[in-house]
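Residue numbers start from 1 in every chain, and the chains themselves are labelled A, B, ... in the order their sequence lines are given, proteins ahead of strands.
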Amino acid sequence: MSAQLLLTVSNMNYMGQHFAALSTELDDQFYANHLLRIKQLLALGNELAALPALQSTFDICLESHNTVPSDRVVLGTFHNLRHLREKVIHLRNFTETTFYEVLDRDPVWTEVKLRSMVREIRLNQKLLEGKLPNISFSDFKTLGAREWLNDEVINYFVKKWCSRSSTLGLSTFFACKVLFDDEDNSCIQAKHGVLTLDDEETALRWCRRADKSLCLNMGWDSVFIPINENRSHWYSAYIDFRRKRIHIYDSWSETCLLNQRKPVLLRKNTGLMLVLMWLAELLGRERGEEVQLKNAPLTQWVCDPHTKVPFQPNHFDCGVHTLWHLQHVLAFREVQGEGCLSNRLMFTNNMVGKRLRLAQEMLDDCGL
Amino acid sequence: MSEEEQQIPPEDANAPINVKVVSATGDEVFFKIKRSTKLSKLQGAYANKVGKDVNSIRFLYDGARISDTDTPASLDMEDNDTIDVMVEQVGGCVPCSS
């Protein structure tokens, strides 16, 4: 941008000139144009992100010297750039939301697009090898239409999204190692009775290691645990220290609805909830806060072993739902159903649009 | 116990350590390796021993994935530490019991 433009940018229709409205008709052109536009706006936004720091430095300088006429020019430029930054952020949100809405509205087209994307990578699998930790084509393809997601994909996104966040995202193996008792890691029988000091030490070692690898510096205030049941089903648990809640989220409608009607002791997830309460007490101490859930009828904590969440109407989307539980708790500290105010994060009956976004995110991360 | 520890001079940072590799079904295999040896060597040896493709299993130390360049030293491993071996997990539906 020229200096001249910087002085007058708010008067000129800079955004309109450089980012003309895109066609909203869903085709390959639409897809490519929107991807490119989002990338450009992201890059521009990142350039402008240094602005507030730059301006506060300038403000300090202003205080310590006599006013000169050029100050006004600089302040005017700052004003213009701030204005530009707001517009960039707004346009990116708008573009992303439109993009995702259009994909969600036409699951048939989206599924064809996803299939062709996976096919393209299948023909050139080397493109993917070694680019992302532990992800090869055989993992990537589990994001494909109607496929069952595998642990590598779930762990990839949990690690990526929870890095530098306030949520301790644990690996898919944490549950079978720490919360369940089964010999074959099938996560069916939750641990019960008295949990031993060994259990405590394992849980703490795993959580400390995760804290380190996510660069959280113990700054987390919630914990997300993806769970794989019997090598066939994904669901998740969430402990929120700030709002004092423990939830178990499962997109399989029968599990939720049937168990909600049962007496507490007969519910499927009651055993798991008891272990999660133990974990919350343990990690509470680790955070330096007293959490008392056992024998504490007056506790403020809410523990719901079968929280109602959007359901999967098919036999393949529970993994995508589980990743979306994480998206929601990161954004809202809860899983939102129909009342979800964010169009881009709202669950949809057919999650193929989300699959395409996840696959695209992985390819973007590979630099493809 | 403490006598044994004293026998190892503290400056010998490369003294071999014992590592226990535990499978999902609880089977244990013991290895003795130097602290500077890449753990990928141990992974290959383990996979050979149990007759599995090394790429089909996941090796974890305290829940974190062991990468190809990790060594016991880089992970601050101690004598008698455990490495967990896990197999692929997939899921789409069919919870076992409602």
Query raised in the report: Are A:W252 and B:C93 close enough, and set up right, to give a side-chain contact (heavy atoms from CB on, under 4.5 Å), and what steps lead you there?
Result: CA-CA 7 Å; A:W252 192 250; B:C93 76; 3.5 Å; yes
Requested in this report: Mind listing the closest non-hydrogen atom pair of A:R209 and B:L75 along with its distance?
Outcome: NH2-O, 3.4 Å
Requested in this report: Ignoring hydrogens and angles, tell me if any N or O in the side chain of A:E152 forms a donor-acceptor pair with the backbone of B:Q89 under 3.5 Å.
Outcome: no
Requested in this report: Under 4.5 Å heavy-atom distance to chain B, tell me which part of A:S213 shows up: side chain, backbone, both or neither.
Outcome: neither
**Report entry** A:K131 NZ: over 12 foreign heavy atoms closer than 6.0 Å
**Finding:** yes
Query raised in the report: More than 12 foreign heavy atoms under 6.0 Å from NZ of B:K38: is that the case here?
Result: no
Requested in this report: Report yes if some heavy atom in the side chain of B:M86 is under 4.5 Å from a heavy atom in the side chain of A:D151; otherwise report no.
Outcome: no
Query - A:N228 side chain vs B:V90 backbone, donor-acceptor pair below 3.5 Å - result: yes
Query raised in the report: Do A:F173 and B:V87 pass the side-chain contact (heavy atoms from CB on, under 4.5 Å) test, and can you show the C-alpha distance, the side-chain angles, and the key distance before you say yes or no?
Result: CA-CA 10 Å; A:F173 298 109; B:V87 294; over 6 Å; no
Query raised in the report: What's the shortest heavy-atom distance between B:G91 and A:C318, and which atoms?
Result: C-SG, 3.6 Å
**Report entry** Contact listing (chain A partner; residues 19-33 of chain B; heavy atom under 4.5 Å)
**Finding:** B:A24, B:T25
Query raised in the report: Does the side-chain contact (heavy atoms from CB on, under 4.5 Å) test come out yes or no for A:K212 and B:D62, once each step is laid out?
Result: CA-CA 11 Å; A:K212 212 166 138 190; B:D62 286 349; over 6 Å; no
**Report entry** More than 12 heavy atoms of other groups within 6.0 Å of A:L265 CG
**Finding:** no
**Report entry** Selection from A:L257, A:D139, A:N269, A:T172 maximising heavy-atom pairs under 4.5 Å formed with chain B
**Finding:** A:T172
Report task. Applying side-chain contact (heavy atoms from CB on, under 4.5 Å), name anything that partners A:A145, two or more places apart in sequence or on another chain. Result -> A:E111, A:L114, A:R115
Query raised in the report: So, A:R205 and B:D81, do they make that salt bridge, N to O below 4.0 Å?
Result: yes
Query raised in the report: Considering only heavy atoms, which portion of A:C176 lies under 4.5 Å from any heavy atom of chain B: side chain, backbone, both, or neither?
Result: side chain
**Report entry** Residue list, salt bridge (charged side-chain N to carboxylate O under 4.0 Å, His left out) with A:E183, at least two apart or on another chain
**Finding:** none
Requested in this report: Taking atom NZ of A:K159 as the centre, report whether more than 12 heavy atoms of other residues, nucleotides or ligands fall under 6.0 Å from it.
Outcome: no
Requested in this report: Tell me the residues of residues 53-60 of chain B whose non-hydrogen atoms fall below 4.5 Å from those of chain A, in number order.
Outcome: B:R58, B:L60
